[in-house]
Amino acid sequence: GGHLYPKRLQDVQDGPEFLFVRGDVRLLDEPIVSVVGTRHPSSEGRGGAKDLALRLTERHVVVASGLAYGIDEAAHEGALSAGRTVAVIGTPLNKTYPREHRVLQQLISETGVVVSQFLPGLPVQRWNFPIRNATMSGLSIATVVVEAGETSGALIQARESLKQGRCVFVPQKAVENPSLQWPKNYVHHKGAKAFRDVDHLMQQLESEDLIKSMSDVRPRSVLTYVTGMQ
């Protein structure tokens, strides 16, 4: 039904006409922050992504990522324990890329939600993945690029986010890293924001009115109890 189409994605100019969804579709209208980055992270980057995702879910945020190797995988793992993760995939729902993430995709569909804009049975093309990034940023109130090289696909999502008028966040450490140019460029010239830690990120989301201040949020145990009653 059209009424299930996520509200934030309706605001995106060239958003997908259809979404194929497996899992809890209601998560798509909750505050979603995308956590994305390189397929070849440092162990610090991987640990940082997992920790960030976990801490975001503790603050009632849903974490989206793209089911790729590396940062995506770590972000999903961090948010899985809270059952609050969205996988926006570049294949139809009945396929998995990379194939090794089949179990992860299944798990996310059981505890969170898996989203695809690609008709089941369609072949998987290279350009599905950048298209998927635009959809992920459209579903999100903000995108965090945890760790990425100058040519990373994660920067496609950063560009799309800014084009859609959404916030992009970059770790302060990346901005200070002398061997990387894009973080400085994004923060100083393109309107991305630097953040020190999860609290700083949440403060900025609150000050942009993208999430309610924490004092307004009912404890999750109550919400679970209420939804469990229906």
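This is a predicted model, so every value here is computed, not measured.
Applying the side chain to side chain donor-acceptor pair (under 3.5 Å) rule to pairs touching residues 140-154 yields S34-S140, S42-E147, T143-Q157, T143-S161, sequence neighbours excluded. Applying the ring-ring contact (aromatic ring centres under 6.0 Å, His included) test to residues at least two apart or on different chains, the pairs with a partner in residues 102-130 are Y97-F129. Identified under the ring-ring contact (aromatic ring centres under 6.0 Å, His included) test for residues 171-192, with sequence neighbours left out: W182-Y186.
A salt bridge does not link K212 with E206: every distance from a Lys NZ or Arg NE/NH1/NH2 to an Asp or Glu carboxylate oxygen is 4.0 Å or more. One finds a salt bridge joining E30 and R84 here, because a Lys/Arg side-chain nitrogen approaches an Asp/Glu carboxylate oxygen to under 4.0 Å.
In terms of the salt bridge (Lys or Arg N to Asp or Glu O under 4.0 Å) criterion, K95 has no residue partners (sequence neighbours excluded). Residues satisfying the side chain to side chain donor-acceptor pair (under 3.5 Å) criterion with D199, sequence neighbours excluded, are R59. In terms of the ring pair (Phe, Tyr, Trp, His ring centres under 6.0 Å) criterion, residue partners of Y69 (sequence neighbours excluded) are, by chain and number, H101. Applying the salt bridge (Lys or Arg N to Asp or Glu O under 4.0 Å) rule to E176 yields no partners; only residues at least two apart in sequence or on another chain are considered. Not a single ring pair (Phe, Tyr, Trp, His ring centres under 6.0 Å) links F169 to another residue, sequence neighbours left out. Among residues two or more places apart in sequence or in another chain, the salt bridge (Lys or Arg N to Asp or Glu O under 4.0 Å) test is passed with D51 by R55. Among residues two or more places apart in sequence or in another chain, the salt bridge (Lys or Arg N to Asp or Glu O under 4.0 Å) test is passed with K190 by none. Under the rule for a ring pair (Phe, Tyr, Trp, His ring centres under 6.0 Å), F195 has no partner lying at least two apart in sequence or in another chain. Considering only residues two or more places apart in sequence or on other chains, N177 meets the side chain to side chain donor-acceptor pair (under 3.5 Å) condition with S179.
Smallest separation of non-hydrogen atoms from K184 and V175: NZ-O, 3.2 Å.
No donor-acceptor pair under 3.5 Å is formed between the side chain of N128 and the backbone N or O of T91.
Put simply, the side chain of V187 does not reach to within 4.5 Å of the side chain of K193, judged on heavy atoms.
The side chain to side chain contact (heavy atoms under 4.5 Å, CB included) test with S137 singles out one residue from R159, R166, Q164, R8, and that residue is Q164.
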